[in-house]
Protein chains: 2
Amino acid sequence: MNLKELSSLLGLSQTTVSRALNGYPEVSEKTRARVVQAAQAHAYSPNTRAQGLATGHSKCIGHVISVSDSAEMVNPIFGDFMAGAGETYSAHGYDMMVTRVGTQDEADTYRSLKARGAVDGIVVHAPRRNDARLALLDKIGLPYVVHGRSTGIKTPYSWLDVNNTRAFSEATSYLASLGHSRIALINGQETMDFAIRRRSGYESSLRFAGLSIDSALMSTGEMTEAYGYTQANAMLELDQPPTAFLAASIICAAGIRRALDERGLRVGQDVSIATFDDCLSYFGNGGDQPVFTAWQSSVRAAGATLAQMLIDRIRAPHAPHITTLWEAEFVLGASTGSAPGTSKD
Amino acid sequence: MNLKELSSLLGLSQTTVSRALNGYPEVSEKTRARVVQAAQAHAYSPNTRAQGLATGHSKCIGHVISVSDSAEMVNPIFGDFMAGAGETYSAHGYDMMVTRVGTQDEADTYRSLKARGAVDGIVVHAPRRNDARLALLDKIGLPYVVHGRSTGIKTPYSWLDVNNTRAFSEATSYLASLGHSRIALINGQETMDFAIRRRSGYESSLRFAGLSIDSALMSTGEMTEAYGYTQANAMLELDQPPTAFLAASIICAAGIRRALDERGLRVGQDVSIATFDDCLSYFGNGGDQPVFTAWQSSVRAAGATLAQMLIDRIRAPHAPHITTLWEAEFVLGASTGSAPGTSKD
DNA sequence: ACGGCATTCCAAAGCGCTTTGACAAGTGTG
DNA sequence: CACACTTGTCAAAGCGCTTTGGAATGCCGT
């Protein structure tokens, strides 16, 4: 069923039917009702491609997952982000396109997405410091919003970020206030802007607390369970092992806990764990008694909000940029306690 | 840059340029080379929508994530699946569209995807028993492949599945052979076909081993970490608690381990855990000493293979259906051991 | 009765591509 | 040298929609 068929069926012109369905005022309410009903009855939906050709918009948003070819990792965060974004998209009649690409082909992918007119805008994931993608997107004229920020980029752009510096600063201070002086940071990959911010929050609080910054207590890597486990184990072998861990993700934190459990160390008593928590649906940290003491911020909510920001941006490409900074929420869990030897224990 | 511009720039007709780029034989190699070079120089990519309109194909594959509105869960498996599928798609010039939808709107989504011509085919995820989606897709004529199978569907369809029955049967037998007589099954949602198969494999091996089937040792639910934890805890409170757990996913298994650790039970000694492992990139179970004894099958590989199957199917919609059954691979990990009180321990 | 003004509808152009059918130019044959 | 073929190219139609610029209709006041 297409426009031509539907309109001849109704004895109307294509113009009128099209206008009726798209809510234009030039058509009487009576005929509009008739058209809408007929469209529903015959399950007519305008052909996306034809509509796109005629309007010049694809009504589609692109997400590029860049997969470093060596590791082939897909962060589970992505799924939750897309669920949030997808909700917004479908509410506004947008489709969502996902492209998987090796990191070195990323620029070509953006260019192609634009040249082919495949998408009206894109979400930039996992921005790096001085991320070259932003300038590229500006140059080719593809609207975008950034999930996170890119330190060093001078030109304005729209972003939504969690205050990572603050969260990790608070977390570090919190652990220090419990008497911990050897606090380890199990960070994400420090090519990512957010990881850099997290480290700086951590370091500044260490300094503020008068604690030494020990590179042996800092690690950076892909935030897998195995990574948390391996790093925790390595650090616990040190002459002066940490008494507290600060993890970049609840998945890492799970790995750290495994290392502690395996060594017979009691989490929250012998060794503390605090973590950032993206509120992934498959790794709940809620309930009456949260497992981990955490600074949390829902990545699903971020997806929903960023999607809205992008849609607004596509509608008004020259509107001033919107930037949003969310504060992570503190949740006290069972994984932290006073440092061993401090006060009562 | 579009076809018209490019062709007038070359002093050729649009026809010739189009044919040159699409590899038609009617154009001399000399002009083809000239055209290809110019296209590259001017970063010309044909407009996807126009191309789609003209050809009738969208060169796009749909994936529908149906999110039960109550829970809003997104299985991390999805990310790995898409990474695998995405690789195949981009190799064949296909785009990937993801639609998030509440379960009750799923049928409408498929219909709309077809009516709008948005996709050339789709991948059906998480099939249920007697899944109504397959008949719907057949009816509306949207090519598809199924990740898994749907018991009860008589008409042929293309699928790729892991031999879940066998894997869980083997796993149960394995645990029984270690002397375990109280073996718990922490299953996925038994609305899903794969979960039903897993249970049947589990039960048949229990029977074969002469062990009783105790519904108190079986649970079904969304395979989150918290679910594994909660169920394990509940079962360990039973008068006759299990000495072994069989988990549906490595994420559940992590929850079970947490419950054991918390109770001071040694994994692989006091209580064993075996699990199915989808080889998620963020939850590696590999290495020299795998954490869990597992039956594994890469969901990423499944994605890549199913994508290929779908593309083939789109090319030849009336070709006989292809069905593929993969066997899960056994991996001995540290999480299983003889039942307490059995032989040496 | 007639011009003026909304109101309601339409024919046709155009979006950027593929593809059909036709046409020059070049090649070989008798 | 005329003939039939191949080879390389093109103009134009068409994919299904939106949108521009009219045109017909009905209603008003004068």
Side-chain angles (χ1 to χ4, degrees), chain A residues 1-36 38-39 42-60 93-95 112-120 315, chain B residues 1-36 38-39 42-60 93-95 112-120 315:
Chain A
M1 173 63 60
N2 58 21
L3 226 211
K4 204 200 291 194
E5 286 170 31
L6 184 66
S7 49
S8 80
L9 210 113
L10 281 161
L12 291 170
S13 77
Q14 300 191 32
T15 309
T16 305
V17 175
S18 171
R19 308 220 108 147
L21 292 172
N22 291 329
Y24 280 70
E26 301 94 321
V27 45
S28 74
E29 282 310 317
K30 208 172 65 189
T31 51
R32 187 194 305 281
R34 210 160 64 88
V35 168
V36 167
H42 295 83
Y44 168 74
S45 307
N47 182 295
T48 308
R49 298 187 300 274
Q51 206 166 24
L53 229 208
T55 60
H57 312 301
S58 62
K59 293 285 266 175
C60 185
Y94 275 84
D95 288 320
S112 151
L113 247 25
K114 168 68 178 182
R116 292 160 46 214
V119 300
D120 289 343
R315 284 201 190 131
Chain B
M1 173 64 59
N2 58 21
L3 226 210
K4 204 202 288 193
E5 286 169 31
L6 184 65
S7 48
S8 81
L9 210 115
L10 283 160
L12 291 170
S13 75
Q14 299 190 33
T15 309
T16 305
V17 174
S18 170
R19 312 219 104 148
L21 292 173
N22 292 327
Y24 280 71
E26 301 94 321
V27 43
S28 74
E29 282 312 317
K30 206 172 65 189
T31 52
R32 186 194 305 283
R34 207 159 66 89
V35 169
V36 167
H42 295 83
Y44 167 74
S45 307
N47 181 294
T48 307
R49 297 188 300 273
Q51 206 166 23
L53 230 207
T55 59
H57 311 301
S58 62
K59 291 287 264 176
C60 185
Y94 275 83
D95 287 321
S112 152
L113 248 24
K114 168 67 180 184
R116 293 161 45 214
V119 300
D120 289 343
R315 284 201 189 133

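To find a chain, count down the sequence lines: A is the first, B the second, and so on, and within it residues start at 1. Just so you know, these numbers come straight off a predicted model, no measurement behind them.
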Take A/L10 and A/V35, measure what side-chain contact (heavy atoms from CB on, under 4.5 Å) needs, and give me the verdict at the end. CA-CA 7 Å; A/L10 281 161; A/V35 168; 3.9 Å; yes

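- Listed by residue number, the members of residues 26-35 of chain A with any heavy atom below 4.0 angstrom from DNA chain C are A/E26, A/V27, A/S28, A/T31.
- Comparing the end axes of the helix from C/dA1-D/dT30 to C/dG30-D/dC1, each fitted to five base pairs by superposing C1' atoms of four pairs onto the next four, gives an inter-axis angle of 50° (nearest 10 degrees).
- With B/T55 contributing its side chain and B/Q51 its backbone, the two residues share a donor-acceptor pair below 3.5 Å.
- Minimum interatomic distance between B/M1 and B/L6 (heavy atoms only, all atoms of both residues): SD-N, 3.7 Å.
- The closest side-chain heavy-atom distance from A/L9 to A/E5 is not below 4.5 Å.
- As a whole-Å value, the separation of A/R19 CZ from C/dA11 P is 14 Å.
- Residues A/V17 and A/L3 form a side-chain contact, since some pair of their non-hydrogen atoms from C-beta on lies under 4.5 Å apart.
- Of the residues in residues 9-17 of chain A, those with a non-hydrogen atom less than 4.0 angstrom from any atom of DNA chain D are A/Q14, A/T15.
- Among residue pairs with one or both ends in residues 24-35 of chain B, those qualifying as side-chain hydrogen bond (donor to acceptor under 3.5 Å, both in side chains) are B/S28-B/T31, B/E29-B/R32; sequence neighbours excluded.
- Remark: the backbone N or O of B/R116 is not paired with any side-chain donor or acceptor of A/S45 at under 3.5 angstrom.
- Shown here for B/S7 and B/Q14, the closest heavy-atom pair between the two residues is OG-CG, 3.5 Å.
- The backbone N or O of B/G52 sits nowhere less than 3.5 Å from a side-chain atom of B/S58 that would complete a donor-acceptor pair.
- A/T48 and B/A118 make their closest contact through OG1-CB, 4.1 Å (heavy atoms, listed as atom of the first residue, atom of the second, distance).
- In this structure, A/D95 CG and B/L113 CG are separated by 7.0 Å, a value rounded to the nearest 0.5 Å.
- Residues satisfying the salt bridge (Lys or Arg N to Asp or Glu O under 4.0 Å) test with B/D120, not counting sequence neighbours, are none.
- Counting 5' to 3', DNA chain D first comes under 4.0 angstrom of a heavy atom of chain A and last does so at the ends given by D/dG16 to D/dT20.
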